[in-house]
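Quick notes on the structure that follows.
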Amino acid sequence: MPLQALPSFETLARLKPIPHEGRPIQDVLIDLNEAIKAAGIEFGESEFSILRYVDDLPETFDNFRWIDCTAVRGGNEGFYAHISLVPRQHDRNPTILIATAKTWCWSSALAIAAAATRLLSD
């Protein structure tokens, strides 16, 4: 996959945040995936989806201090954008990784994570 240009600050600033308080996480991820694609950012192998193997996955974004969106290198291949929830009592509770998107280049993972950060901001 060719390198994807990182979105400019102006491009990210124009993105309208997606309402997420009180909404099911799956519904928010559907809207998030559509908004990222509408912004011209390519996902690569897979869009954001809920991690099914996480125990006690919350159903909504309520009761969390922060939504954390980051780009990471895959363990075997590719790159990922992660979405995690940081609890209000983050000093006593672990961050919960709730969704990932997979791509084949670092610049794409960075672009996806940057767009997700803006779209899930308040």
Quiz prompt | Close side-chain approach of F61 and I98, heavy atoms under 4.5 Å | solution = yes
Exercise. To the nearest 0.5 angstrom, please state how far the CG atom of N33 sits from the CD1 atom of I41.
Key: 11.5 Å
Practice problem: Measure across V28 and P19 and return the closest heavy-atom pair with its distance rounded to 0.1 Å. | Solution: CG2-O, 4.1 Å
Exercise. Run the numbers on T117 and D68 for side-chain contact (heavy atoms from CB on, under 4.5 Å), then give the verdict.
Key: CA-CA 7 Å; T117 297; D68 180 36; over 6 Å; no
Quiz item: What distance do H20 atom NE2 and L32 atom CG have between them, rounded to the nearest 0.5 Å?
Solution: 11.0 Å
Quiz prompt | Close side-chain approach of L120 to P17, heavy-atom, < 4.5 Å | solution = no
Exercise. Would you name the heavy atoms of L29 and S49 that are closest together and state the gap between them?
Key: CD1-C, 4.0 Å
Practice problem: Supply the atom-to-atom distance F79 CZ to S108 OG, rounded to the nearest 0.5 angstrom. | Solution: 10.0 Å
Quiz item: So, for A109 and T103, which heavy atoms are closest and what is the spacing to 0.1 Å?
Solution: N-CG2, 3.5 Å
Quiz prompt | Min side-chain heavy-atom separation D31-L119 under 4.5 Å | solution = no
Exercise. Of all the heavy-atom pairs spanning C69 and A113, show the shortest one and how long it is.
Key: CB-O, 3.7 Å
Exercise. Specify the closest pair of heavy atoms between G22 and T60, including all atoms of both residues, with the distance to one decimal.
Key: O-CG2, 4.0 Å
Practice problem: Verify, without hydrogens or angle tests, whether T100 (side chain) and Y80 (backbone) share a donor-acceptor contact under 3.5 angstrom. | Solution: no
Practice problem: Report yes if the side chains of L85 and I67 come closer than 4.5 Å at any heavy-atom pair, otherwise no. | Solution: yes
Quiz item: I36 and F48: side-chain contact (heavy atoms from CB on, under 4.5 Å), yes or no, with the steps?
Solution: CA-CA 10 Å; I36 289 173; F48 281 114; 3.9 Å; yes
Practice problem: Could you point out which residue of I96, T70, L97 forms a side-chain contact (heavy atoms from CB on, under 4.5 Å) with S84? | Solution: L97
Quiz item: Do F43 and K102 have side chains that get closer than 4.5 Å, going by heavy atoms?
Solution: no
Quiz prompt | Under 3.5 Å: donor-acceptor pair, side chain of R65, backbone of P87 | solution = no
Self-check item: Charged N-O contact under 4.0 Å between E59 and R23
Solution: no
Quiz item: Using 4.0 Å as the upper bound for N to carboxylate O, is an ion pair formed by K37 and E42?
Solution: no
Quiz item: Atom CD1 of I18 and atom CD of E34: how far apart are they, to the nearest 0.5 Å?
Solution: 8.5 Å
